[in-house]
Protein chains: 2
Amino acid sequence: VVKLQGVSRSFPLGNKPIIALDKLDLTLEKGEFVVLKGVSGSGKSTLLNLIGAIDDPSEGEVFIHGQRLSSLSDKQKSQLRSQYIGFIFQAFNLIPVLTALENVQYPLSLQKVANGEAKDRATEALTQVGLADFINRRPNQLSGGQMQRVAIARALVTKPDIILADEPTANLDSETSKQLMDLLGSLNRKTGVTFLFATHHDFVLSRASRILELKDGHIIKDERLKNL
Amino acid sequence: VVKLQGVSRSFPLGNKPIIALDKLDLTLEKGEFVVLKGVSGSGKSTLLNLIGAIDDPSEGEVFIHGQRLSSLSDKQKSQLRSQYIGFIFQAFNLIPVLTALENVQYPLSLQKVANGEAKDRATEALTQVGLADFINRRPNQLSGGQMQRVAIARALVTKPDIILADEPTANLDSETSKQLMDLLGSLNRKTGVTFLFATHHDFVLSRASRILELKDGHIIKDERLKNL
Ligand SMILES: Nc1ncnc2c1ncn2[C@@H]1O[C@H](COP(=O)(O)OP(=O)(O)OP(=O)(O)O)[C@@H](O)[C@H]1O
Ligand SMILES: Nc1ncnc2c1ncn2[C@@H]1O[C@H](COP(=O)(O)OP(=O)(O)OP(=O)(O)O)[C@@H](O)[C@H]1O
Ligand SMILES: [Mg+2]
Ligand SMILES: [Mg+2]
């Protein structure tokens, strides 16, 4: 469902480019629950951005559902993201002037879903992450962990089949993290959503069916686990 | 060194205000290493903002080194913060157009420290958090954990005697977190800096001399530990 071939991503900086990812090969199958670990700066966010089609590799090819991203126009990439991918950003990226409900509804209006249905689905997604009473708050009226959960609800509302999450439990206490992982774990089992999570929490690692470890832009470990 | 008497903080919202903190009493002694825990939305960031003099209580009094904050002008509060307090924000709050070095230098230039000395001290602070090679990067050229560490270096560079940290290890892997906690632990022991950390990481909790637990804006637990 996701395939990377010889993918590199470097950033030009001064006289020597920074190589964030170095000739990566990777295949993710439908329904896998993959956790991505690695020290700060190892390339996790960069990898997620490439798979989420919000960044382009410097070399190599990225395929989502067999479609080669480099042959798509920006408009086609945008449609592909809207149709298949839910992205939870490390910095949340909520829109400050919209309420929590409007933030979560936004991807649905991009899909031209009718307003009434969009509102219902957004309300349900916020309820699933424990924020039913917060739907009319703006981001600056929310705690860090509440903002993180709005970002999560927004990624779920379009019922994507690939969810990319960049440290989704970083700002959550262990109780709230556990509830979130139960919710995502059940989505994975019931609807076969494919997950790729970057995380520093061992707690999330324990739910994974596969663990990838990055170091200096290389995959140094790829372990499949039997804890289903 | 920090004292709160009957402190409440509520936010007006619709017809019923949100009470984020409810008549809190709290005293922090010099050199304490206090960890603040509690579920998402329990009031940790709100409490840190009040102690850091970047927010005002709705009722009650906050004292820093015996000075009542409500009798100070904004200019005087700003000077007090610059002199005594280092703040590590949950959302980092780095200045996008400045490099890492310039971001860390900034509090020193507010203190009118000479440019040459400010540069040296900022470089040393960034080296202490493992970012010696990143001093000329801008925030958008850094990973999440690297940005977090720039925010930490900035809080340390003025050698404050109170450090307030809002989830400083949220975006750090366990190795980098451990290095950071060793650095801060040694500052606490050698120079008697008083720490108040909001965190969800049990790893940080294990270094505390005192644990405060918040729930719905109340302190429900205040435990002094013997692990020195
Ligand atoms: N401007 C505001 N208007 C209304 N409510 C607010 C505002 N700012 C914060 N709150 C509410 O106050 C409560 C405490 O928020 P606070 O940010 O202190 O929580 P926290 O313990 O830091 O949570 P987290 O662990 O998620 O960061 C939350 O329920 C939050 O929704
Ligand atoms: N625009 C850029 N210019 C230069 N270097 C960059 C840029 N963006 C990222 N980098 C570098 O690429 C490397 C990988 O960054 P990335 O954000 O993927 O790390 P990460 O594994 O997500 O780290 P963290 O756990 O701290 O979030 C880092 O060393 C970072 O400094
Ligand atoms: Mg990252
Ligand atoms: Mg907070």
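A note on names: the letters A, B, ... follow the listed sequences, proteins ahead of strands, and every chain is numbered from 1.
Between the side chain of B/Thr99 and the backbone N or O of B/Glu102, at least one donor-acceptor pair lies under 3.5 Å. Checked by atom type and distance alone, the side chain of A/Ser177 pairs as donor or acceptor with a backbone atom of A/Asp173 at under 3.5 Å.
For A/Gln141, the part lying under 4.5 angstrom from a heavy atom of chain B is the side chain only. Of the atoms belonging to A/Ser143, it is side-chain heavy atoms, and not backbone ones, that fall under 4.5 Å from chain B. Residue A/Glu167 touches chain B through its side chain alone, counting heavy-atom pairs closer than 4.5 Å.
Proximity of A/Leu196 to A/Leu48: side-chain heavy atoms (C-beta onward) are separated by under 4.5 Å at one or more points. Counting heavy atoms from C-beta outward, A/Asn188 and A/Leu184 have side chains that stay 4.5 Å or more apart. B/Lys23 places none of its side-chain heavy atoms less than 4.5 Å from the side chain of B/Val7. Between B/Asn103 and B/Arg138, the closest side-chain pair of non-hydrogen atoms is not below 4.5 Å.
Top candidate by heavy-atom pairs under 4.5 Å with chain A, chosen from B/Ile18, B/Asp166, B/Thr176, is B/Ile18. Between chain A and the options B/Ser174, B/Ala170, B/Gly145, heavy-atom pairs under 4.5 Å are most frequent for B/Ala170. Across B/Lys37, B/Glu175, B/Arg149, B/Arg137, the residue that shares the most heavy-atom pairs under 4.5 angstrom with chain A is B/Arg137. Of the listed residues A/Lys44, A/His200, A/Gln90, the one with more heavy-atom pairs under 4.5 angstrom with chain B than any other is A/His200. Heavy-atom pairs under 4.5 Å with chain A peak, among B/Thr199, B/Asn136, B/Leu13, B/Asp202, at B/Leu13.
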